[in-house]
Amino acid sequence: MALVLNEEQVMLRDAAAGFLAEKATIAHLRDLRDSGDEHGFDAEVWREMTEMGWAGIAIPEAFGGLGYGYTGLGLVLEQAGRNLSASPLQSSVLVAATVIGELGSASQKEALLPAIAAGETLVSLALQEAPHHAPLHCAMSASKAGDHFILSGTKLLVMDAPAADAFIVLARTAGAPGDDDGLSAFLLPAETEGLTVEPGKMVDSRAYGTLTLTDVKVAEDQLLGDIGQASKGLGHALDIINIGLASELLGLSAEAFERTAEYLKERKQFGRVIGSFQGLAHRAAELFAELELARSIVLQALQKIDEGEPDLALYASAAKAKLCEVAQRATNEAIQMHGGIGMTDEYEIGFFIKRARVVQHLFGDYNYHLDRFARQSGF
Amino acid sequence: MSDLEQFRQEVSAWLEQNCPESMRMPMSSFEDIFPGGRNPEMSDPDQKVWCDRMAERGWTVPHWPKEYGGGGLQKAEISILREEMSRIGARPALTSFGISMLGPALLEFGNEEQKREHLPRIVRGDVRWCQGYSEPNAGSDLASLATAAEDKGDHYLINGQKIWTSYADKCDWIFCLVRTDNSGSKHEGISFMLFDMDQPGVTARPIKLISGSSPFCETFFDNAIADKRNLVGEAGKGWTIAKYLLTHEREMISGFGSAPKISVADMALEAIGADASGCLANSVLRQNIAQYQLDTMVFGATMARVGDEAKAGGGLGPASSIFKYYGTELNKRRNELNLAVLGESALGWEGEAYSEGRVSRDWLRSKGNSIEGGTSEVQLNIIAKRVLGLPDA
């Protein structure tokens with residue numbers, strides 16, 4: 001596949017850019033934050049996004065989606081990154097639908113994916129138990145009791161938890177933390193008895209939640225995939241998810257950089273436009289080169305998903321690690337080059353660094369993925 | 001069978017018949033590159049045989065038009081030729097500045113007579129070209145060059161000095177920037193000329209580098225002569241040609257960073273070993289290598305993307321500056337890693353135990369990558385001004 005967008009993809013990207021720049025901007029994110037909105041996104045804007053089919057872009061047509069593939073979804077996520085648009089596009093579409101697509105049975109996919117694609121159901125993944133991403137270290141217990149399971153434990157940083165209709169909860173039906181075997185995924189409706197959601201906000205003003213499960217009774221048909229065998233499918237889903245997050249990081253890094261480059265042309269100090277200082281100009285040029293490189297690896301990784309690349313883990317960790325590095329640099333330079341005004345809440349540039357850090361850490365940060373990239377490369 | 005499939009079979013059969021066995025082995029050093037010319041330096045006489053056979057079909061420069069001696073091949077055919085060559089491990093038959101730099105400039109700016117005279121000789125490897133750009137007091141400020149060419153009716157009389165002229169002592173002809181007019185701005189009055197190095201008044205002296213070897217020369221012109229028909233483009237309008245050619249030079253140099261021979265990680269595993277979990281047993285080095293290999297992969301993806309965009313009709317644009325800057329910095333990183341991985345055995349200079357200083361000399365040579373062909377700082381200036389639109393100081 002050539003590393004260029006086709007006509008359909010360009011149209012999708014431009015449509016997303018236009019809509020989000022009007023309906024889901026940083027100003028809207030600020031309003032949601034200031035109003036203390038519990039869900040952290042605008043349900044009406046989300047409804048319009050689903051009407052345009054965005055929630056089903058990567059979902060196969062057989063399950064109510066558009067079947068455009070992940071390259072298409074990546075383009076929308078990139079635009080969401082540019083505008084810092086708040087919506088369940090990440091939690092429910094990129095994350096949950098992908099996990100269901102990997103692990104679910106045909107009947108589970110038929111029941112869940114069309115509802116996600118239509119925006120009728122919001123599903124979120126409850127995976128993390130400690131400050132760092134470490135899926136195999138899952139310790140939450142799921143013990144078999146007759147024809148059902150009993151789940152107990154706590155899950156942290158569950159995206160969009162206050163608005164979620166259901167959760168995919170990862171728990172251990174066998175083995176010890178660190179084992180590849182014994183991980184199982186369960187689908188739990190939000191109103192399940194014994195499940196409580198403690199809502200919270202992260203630095204990016206998006207809603208997250210802590211899930212506490214106390215002797216929650218789960219029927220066998222709530223199991224996604226085979227018992228104890230979730231690891232492989234989850235791993236592949238996480239590869240796809242991280243490539244999607246890399247797309248979002250690309251968008252927000254590019255936007256933060258472009259705003260900064262414009263600022264360098266306007267702001268005067270010592271009687272000169274500051275962009276004429278070589279100390280700043282060279283750093284801006286280096287960052288531009290890094291962004292061009294970042295764009296290439298994101299597009300390549302997205303295409304690899306759609307091509308069914310067997311070695312996807314290498315591309316996923318390459319894309320996520322590179323974009324973590326570039327996003328870190330782009331947002332840090334954005335604040336530094338804006339100077340004092342970059343530190344104010346009133347100015348929008350600060351919103352980028354906050355969202356960047358959260359996305360960087362979701363499902364593995366730079367350190368995690370650079371290490372994984374090395375392992376995938378055989379050292 | 002499709003035409004392309006038939007072409008592949010013909011190419012494959014021809015290569016099998018014509019590529020000498022000794023030319024199906026990886027090159028082990030720069031000396032294995034065949035540059036052509038009147039006095040070709042060869043590490044193996046088969047280099048000339050292989051070049052002559054390929055040149056006969058125009059396949060030393062497969063993308064140039066047939067009327068100028070090239071192969072006249074379409075993109076798909078060129079890909080097939082490359083694939084079939086790499087399948088048998090065939091070396092490039094001819095690598096020269098004539099192919100990578102002068103040729104593209106002549107195709108774009110030369111007149112019909114110049115194309116017919118010079119291009120076929122480049123294809124056949126008859127003439128080895130050097131580039132007369134840098135001067136002692138110009139360097140990165142290329143346009144301030146001073147070598148003068150005086151109009152003498154049917155020819156120009158050239159006086160001045162060039163420096164960093166790669167292989168000037170071994171080349172037959174030079175493509176040279178000279179000043180034909182001093183009255184305007186420094187970008188005006190520069191002319192692009194071709195002339196024979198084998199004439200009285202041309203002296204080339206090698207400059208010994210920190211790597212111990214010497215691809216570069218300082219070159220002196222004392223009443224050297226350039227025939228007027230070898231002025232390319234208009235007199236005084238050579239700067240446009242010079243810039244065009246520089247984008248090709250940048251691309252060529254940036255290629256240094258894109259084709260690692262054996263992976264640094266494999267070399268490190270062999271030299272240092274792995275821990276119980278299979279990770280390199282030096283965690284700091286492992287991280288540095290991972291960062292380098294990640295950036296190499298991402299750089300490769302970018303080369304591929306820009307190539308695909310060019311095929312889809314996009315221009316090279318600022319990419320050549322990005323490639324030059326990033327590719328050469330990557331190559332320097334690789335060479336520093338080689339030292340870190342191999343330890344003291346990488347620091348040898350002479351003697352068998354130190355593989356005749358290959359690693360240390362390559363490392364020292366790589367320091368020039370971010371200086372030659374426009375320094376990294378010049379590339380960053382180009383990106384800042386031409387792409388980002390940042391103002392001059």
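Protein chains get the first letters and strands the later ones, always in sequence-line order, with residue 1 at the start of each. The structure displayed is predicted, hence computed values, not measured ones.
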Short N-O contact, B:R8 and B:E84, less than 4.0 angstrom: yes
Looking only at heavy atoms and a cut-off of under 4.5 Å, which of A:A318, A:S317, A:A294 has the most pairs with chain B? A:A318
State whether B:E309 and B:R305 are salt-bridged, where the test is any N-O pair (Lys NZ or Arg NE/NH1/NH2 against Asp/Glu carboxylate O) under 4.0 Å. yes
Centroid-to-centroid, A:Y368 to A:H132, below 6.0 Å? no
The interface call for A:E262 against chain B, heavy-atom contacts under 4.5 Å, is neither
Sorted by chain and residue number, the salt bridge (Lys or Arg N to Asp or Glu O under 4.0 Å) partners of B:D141 (sequence neighbours excluded) come out as B:K186
Return a table of donor-acceptor pairs under 3.5 angstrom between the side chains of residues 267-278 of chain B and protein atoms on other chains or two or more places apart.
residue : atom : partner : partner atom : Å
B:D275  : OD1  : B:S277  : N            : 3.0
B:D275  : OD1  : B:S277  : OG           : 3.0
B:D275  : OD1  : B:G278  : N            : 3.2
B:D275  : OD1  : B:C279  : N            : 3.0

Do any of residues 371-379 of chain A come closer than 4.5 Å to chain B, heavy atom to heavy atom, and if so which ones, in number order? A:D371, A:F373, A:A374, A:R375, A:S377, A:G378, A:F379
Dump the intermediate steps for side chain to side chain contact (heavy atoms under 4.5 Å, CB included) on A:L370 and B:Q291, then the final yes or no. CA-CA 7 Å; A:L370 186 71; B:Q291 286 169 330; 3.6 Å; yes
B:N381 portion near chain A, given a 4.5 angstrom heavy-atom threshold: both
Sort out for me which of B:A301, B:A304, B:S376, B:A384 touches chain A most, counting heavy-atom pairs under 4.5 Å. B:A301
Contacts of A:E255 that satisfy salt bridge (Lys or Arg N to Asp or Glu O under 4.0 Å) - sequence neighbours left out: A:R82, A:R259
Assign the ring pair A:H133 / A:H369 to parallel, tilted or perpendicular, where the plane angle (0 to 90°) is split at 30° and 60°. parallel
Please classify the contact of B:E377 with chain A as side chain, backbone, both or neither, using a heavy-atom distance under 4.5 Å. both
Aromatic plane relationship, B:F299 with B:F323 - under 30° parallel, 30 to 60° tilted, over 60° perpendicular: perpendicular
Counting heavy-atom pairs under 4.5 Å with chain B, the top scorer among A:I274, A:L293, A:L299 is A:L293
So, the part of A:R295 with a heavy atom under 4.5 Å from chain B: the answer is both
Contact part of B:I382 toward chain A, heavy-atom cut-off under 4.5 Å: side chain, backbone, both or neither? neither
Under 4.5 Å heavy-atom distance to chain B, tell me which part of A:Q300 shows up: side chain, backbone, both or neither. side chain
Rounded to the nearest 0.5 Å, the CZ atom of A:R329 sits from the SG atom of A:C324 at a distance of 15.0 Å
